[in-house]
Structures are given as structure tokens and as C-alpha cells.
Amino acid sequence: MATFLSRLGRLAFRRRGVMLLLWLLVFGGMGFAASAAPPPPADTFSMPGTESQEAFDLLTEKFPDASVDGASARVVVRAPAGAKITTPSTRIVVERLVAELGTSSPQVVAVADPYKTPAVSISKDETTAYMVVTYKVPAMEVDDKAHDALDAATAQAREAGLTVEAGGDAVKIEQAMGGTGEQIVILVSAIVLVLTFGSMIAAGMPLITALIGVGIGISGITALGSTLGLSGTTSTLAMMIGLAVGIDYALFIVSRFRAERAEGRTPEEAAGRAVGTAGSAVVFAGLTVIVALAGLAVVNIPMLTKMGLAAAGTVAVSVLVAITLVPALLGLAPVKVMARKGRLRYAVKPLSDRQRRRAAKHEAKLAGKTRPNLGSRWAGYVLRHPVAVLLVGVVGLGTIAVPAASLELGLPGEGQMSTQTTQRKAYDLLSESFGPGFNGPLMVTVQTEATNAANATKGTKDAKTVGDEIGKVLAKTPGVASVSPATANKAGDTAILNVIPESGPTEKKTEDLVHALREAAGDLERSTASRILVTGQTAMFIDFSQTLDDALLPYLGLVVGLAFLLLMVVFRSILVPLKAALGFLLSVAAALGAVVAVFQWGWLADVFGIDAPGPIMSTMPIFMIGVVFGLAMDYEVFLVSRMRESYAHGARPAEAVVDGFRYGGRVVSAAAVIMMSVFSGFIVEDNDFVKMIGFALAIAVFFDAFVVRMALVPALFALLGKSAWWLPRWLDRILPRVDVEGEKLAQAETTPRSQRDRTLVG
């Protein structure tokens, strides 16, 4: 592996102009393909095998005229203080609003007039009413004109003295960052890279190559969107992961190139060895990330599967960019800029390869002894106090992880949005006037065999009659506030009932009610000879959370297991991949504990601007595991591969640890700081969901990079000594040899001697 990649790096360095042109052609070609491709399809959310999905499929079949997949907006109006919504003057304004909403956009199908169904749409105190605006297209296809028309109509009603707010998936979600947070992230990343390399050109290289890789990946997703059914949101995870690993991979290779130049190698030699060693680490780190993302398929939710595979493809592109485009750019950069300063001088007298290597090794040892950096000093401290560092790290992360035992998963809705948003204001108005369960209605479908009046005369009841009977029984279930009359389809074989819970959509009582209704449905099916299903958005969210909860352990087992095998091949050890996996699990548990404490329990809620603590978003643990696992294995592979390389070249275990931190500590720290700044940028969002994701990823990277990789890893190496690299002989014979540490590079040099005669002298 190292030999092949070294040759690839040399080739890219020598043919840098051709390589750069090829990548620019790919970048431009993918951009053109993306611009010429048909619009991507709208998001389709499905969960095969769940009762909610079965019910939605039944509704699509039995109620073809109803817009089951269409977006909707629930416009809530409240009369001025001291007035009622039924007052003639107020009614005129509301009816004008209904008419305006109905004609505002061609995408609007219907608007429900609250005065035609006052028992349902007007509160008991007659101060508040609501109307449902139904669209003929899904939420992702509601255009800007429709959004603007909705905003204009509600603004006009506000000017007339009413309190008007709107919720639902058809309402535009305002973005709070407006690019400011992203600009800060890029600025922080650039500053960290400049401090790491001391050069603007060297610092800009990882950013440029990462953006090229992400651009190609996102353009590919867009170009194939209509063919493979990839929606516009599929690229969200790909962009986040691609940018993260793209910067890391280029950072690793550029840093290794500068280290090789500092040891006296020519630019071409340095590029070859950088790609052969750090590039090997990049390839295997990329494989672990791809495994983690492709593993999302085990969740059996098509949307997540597509997002995972799209992100995995972007990571593959980032790996190819790192091992081909980066060495080409290194060849184009000025020699003085890309070389370390002040340590080495070139000799005019040619020396043999053996003399050159011995002189370089001697110089490197002297430099390491006389000028230790922060990484080597920290490693030395840990080696002197391994037990104390290990105890502090494990106990500290374990303590932070304790709240994770109380983790409650859910899909928080508009009730967890910022109090400044119209969706949250509409949610609160409905809760105050109609009860908390009004924001999370349940839908019960009843399917019978009766399809016409002839069957009904034979004693078989139609769906509406059966539905009304079932509704009376379900209304007696504890936790049910009300049940609507049944509504049947034209064929008369399927009916719908709406059940309003007494509790809010994200409360545990509502989840218990869904289970209770489904249990009662089993008995009613036998007595009424019908098929009863419980669905609705709230039930769908509950099923979604349960599906993710059930898939969490299998996903962890798959990802950690396959990564264990990959790392065992890379490091020729059993204990090294074992401690890498255990360390990752510890950091994830601590991050989940911190998320639960802040977003579920409400600790430091004011600091982070959290308006309503509640359940943790169901997708967050899965996404966090995938993202953090990829970054954690990046840091593990790069840091430990330098230790393995030093150990393979004859260093003692303790010396290998110091060497790994001397050359890799600063790079891993810089990569972690950059990723933390990227993810922390999401914390400034008003949306609590986005805050949660940003906080979770940032804190997880901090725990894994600075506690696990930078503290627990060297402490364990100090305690294990040579045992850390133990591998049974029979297993050593079976495992393929990939030579990540580059032991065979010296024998595989292909560069002419005339280009390798320059060396170092004291």
C-alpha cells in the first residue's frame, strides 16, 4: 500500500500540471452536469415495516383525491383583547383573510373556513380560531411566491388588529445565521491553519482541496438526483462530512510533506513519502468513515440510507483528492514556503543513500532532543504519570456520561422552536386555546369489507358506521381529549377518525397513549371485523424514534466491528484497535450525557438560548456516531500510525509514543480545533434542533480528540508497552500486509540517484 501510494504521489508531483488540469476538468464537468440535470425530487419520508407507514400507504390508495402528501399551513387568529372572534367586525377581517389565502397562490388547494365548523375550529371562549391551508404539492415544492403570499395575507390581517401566526410544513423556516456564522468558521479555520504551518499558502491548501472535493461530491449528488431519487437535502450530511474530512486529509499530507522536507528529502521524495505514509493513513481512515456512513443502511429508513451513501461517495472523492491533487499542488507551491525553516542545510557533496538516511536520522534525533515541541513534552508527561492521566480521563468522561442513561428520543416539533418564530407562536396559541394535544392529533384508519349499499343490507356495516362505533370506544381511553366523527371514502370501505390527546405531541403520555390505542385496536379488530391502524405525524415521529432506537446497537456493532478489523490490519495489533473502539464509545457516551444535561434537562439552557428543553432529536445519536466515528478514526490512524512507524523502525515503545506526538500532536490538535469551530457555528442558530447538532458534534470532537486520543491513548501505550503491538502469529499470517508505516519505501525508491544526492549535514 505505502509503496503504491508513494509512486502515485511522485507521479502526481511530477505531472502536477496535468493532474491539476484533470481535477479542474472533473470539477467543471460535474458542475456542468449538475446545472443541466433535472430538478431533484422532493423529500419522501417513509419507514417500511411500521404501522404508521402502512396507514399512510392505505390513505394514499383509498383517498386518492385527498392531498395526503401535500403541505399544509395552520393559520391561527386571535381577536384583540376584550373582543371575540365571532364579533361581526372581527369576522369580516377573518373571512377576508380566508378569501385572500384561497386566491393567493395557484399551489393552494383549499382553505377551511373556521365559521363553517365552529365546534372544531373556534375555541370555547370564542377568542381564537384557526384555518387550515392545504397545498397540492409537498412542503419542499412550495415555492417562494406561495411563501410570500402567505406572509402578505397574514401581515394584512395583523394590520387590521388581529394576532395572526402560522405553523405547519408549508410555512417558511427562517435561517438565523445568514452567513455570519459560516464566515466566522472559515476565518477560525484559516487562523488555525496559518498558526499550524506558518504560511498562508500551506494553510490555504487544505481549505482549497477540501472545497474542491466537496464541490465535486455535491455536484455529483445533484447530477444524479433525479435518476437515483436523491432529494435536495441528501447533500446536507455529505457537505458536513466532506468538508470535515477533506480539511483533515489534506492537513495530514501537507504536514507530513513538510516533515519529510525538514529531514532533507527533495520535494519529489517528500511528496512520495508523504502520500505513501500519511496517505496510507488517509486511505484507511477514509475507509472507516465510509463504513460508518454506509452502515446507516441497517436503520432501514430510505432517506437515511441515501444520505449515508451520498456522504460516503463524497468522502471517497475527498480521499482521491488528498492523495493526487494535494501532491500536485505541493509541486506548484514555492519551495521556500513549503519547507520548514531554520533546521537544515543542504550539502553540495553527493552522499550514498545509506549515508543520507543515517545523517537525516541523526539530525532528526538531535532536533527532537534539543528542541522538543509541545506535543513531545505532553507525551513525556503522560508517560511519567500514565495511571493518574488514565483515571482522570476515564472518571471524568464517565461522570459526564451519566445523564445519557436518561436519554429520551423524539422528533421535537414546533413547540421546541424559538419563541421568536411564527411557528412557535402559533403552537402556543393553539395550546392555550384548544389544549396541548391539539398540536399533535392522531389519525385512526378503519378498513372494512363493505364497499356498497348491497353489502350493508346483508348485515355488513360500512366503514363510517364501524368507525363511529370504534370512535366511541377509543374516546373512553385514558388520555384522549376528543374523537371526531368518522369520515369515509367514496367506496365506503375505509374511514378516518381524528383523536386529540390530552397531552402535548412530545410528552411521554402521548407516546403511551399511542401504544394504548394500538393495543385497544387489536381487540376491536376482532369484534368489528375490520383493520384498524393508528397514524398521524405524532405517531409517525414515535415510530421513527423507535426504529432508530432499535437500530442504534446493531449500527454501533457493525461500525465498530468493521473498523476494528480495518485497524487490526493497519496496526498489526489486537489491543490498539480495541482501545480505539472503547475510547470512541466512551467519548460518544460523554457527549450524549452532555447533550441530555443541556437540551433535555435544561442545564445551562439560558447560556445556549434554549427556550424549551425536551426530548433529544431521534436522528442526532445516529448522525453523531457516524460523524464523530469518522473523525475519531482519522485522529487515531494518523496519530498511532506515526507511533507504529517509529516502532517498526526500531524505536522503543515509549520513544514511539513521543515520536507520534512530536509529529502528529499539533496536526491532530489543529484538525480538532477546526472541526470544533465548524460545528460550533451551528450553535448560534435560533432553531434548537440545529443548536443540538452543533453542540453535540463540537463537544464529541473535543472529548475524543483532546481527552481520548491525546491523553488516554498515550497513557494506555505507556502501561501496555510492547504488549500494545502484540498479534498472535497465526493471525499475523492471515492478515494482509498493507505497510502503512512505509517499511518498504526505502527499498522501492524509483527516483534517479541524481535527484536524491542532496542531503543534510551538521
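Numbers here simply count residues along the sequence, with the first being 1.
Applying the side chain to side chain contact (heavy atoms under 4.5 Å, CB included) test to Leu309 and every residue at least two apart in sequence or in another chain returns Ala294, Thr305. Qualifying side chain to side chain contact (heavy atoms under 4.5 Å, CB included) partners for Val559, counting only residues two or more places apart in sequence or in other chains: Ala292, Tyr555, Phe629. Qualifying side chain to side chain donor-acceptor pair (under 3.5 Å) partners for Trp23, counting only residues two or more places apart in sequence or in other chains: Thr324. Annotation: side chain to side chain contact (heavy atoms under 4.5 Å, CB included) contacts of Met568 (sequence neighbours excluded): Phe564, Leu565, Ile574, Pro577, Leu727, Leu731, Leu735. For Gln600, there are no side chain to side chain donor-acceptor pair (under 3.5 Å) partners at least two apart in sequence or on another chain. For Tyr635, the ring-ring contact (aromatic ring centres under 6.0 Å, His included) criterion is met by no residue, not counting sequence neighbours. Applying the ring-ring contact (aromatic ring centres under 6.0 Å, His included) rule to Trp726 yields no partners; only residues at least two apart in sequence or on another chain are considered. For Asp550, the side chain to side chain contact (heavy atoms under 4.5 Å, CB included) test picks out Gln546, with sequence neighbours left out. In this view, Tyr249 satisfies the ring-ring contact (aromatic ring centres under 6.0 Å, His included) rule with no residue, not counting sequence neighbours. The side chain to side chain donor-acceptor pair (under 3.5 Å) test applied to Ser587 returns Asp704, not counting sequence neighbours.
Side-chain contact between Leu287 and Val319: absent, with no pair of heavy atoms (C-beta onward) separated by less than 4.5 Å. Within the 4.5 Å cutoff, no side-chain heavy atoms of Val607 are placed close to those of Val598.
Across all their heavy atoms, Met676 and Ala698 have their closest contact at CG-O, 3.7 Å. Here the closest non-hydrogen pair linking Ala700 and Met624 is CB-SD, 4.2 Å. Taking all atoms of both residues into account, the shortest heavy-atom contact from Arg709 to Pro714 is O-CD, 3.5 Å. The heavy-atom pair separating Leu639 from Gly664 by the smallest distance is CD1-C, 4.0 Å. The minimum heavy-atom distance linking Leu5 with Val275 is given by the pair O-CG1, 3.2 Å. Gly375 and Phe661 make their closest contact through O-CB, 3.4 Å (heavy atoms, listed as atom of the first residue, atom of the second, distance).
Within the structure, salt bridge (charged side-chain N to carboxylate O under 4.0 Å, His left out) pairs that include any residue of residues 574-598 comprise Lys579-Glu636 (at least two apart or interchain).
Salt bridge status for Arg662 with Asp659: present, with a side-chain N to carboxylate O gap under 4.0 Å.
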Tell me which donor-acceptor pairs under 3.5 Å the side chains of residues 379-408 have, and how far apart each pair is, sequence neighbours excluded?
{"from": "Arg384", "atom 1": "NH1", "to": "Gly380", "atom 2": "O", "distance (Å)": "3.3"}
{"from": "His385", "atom 1": "ND1", "to": "Tyr381", "atom 2": "O", "distance (Å)": "3.1"}
{"from": "Thr399", "atom 1": "OG1", "to": "Val395", "atom 2": "O", "distance (Å)": "2.8"}

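Here Ile212 contributes atom CD1 and Leu329 contributes atom CG; the two are 6.5 Å apart, rounded to the nearest 0.5 Å.
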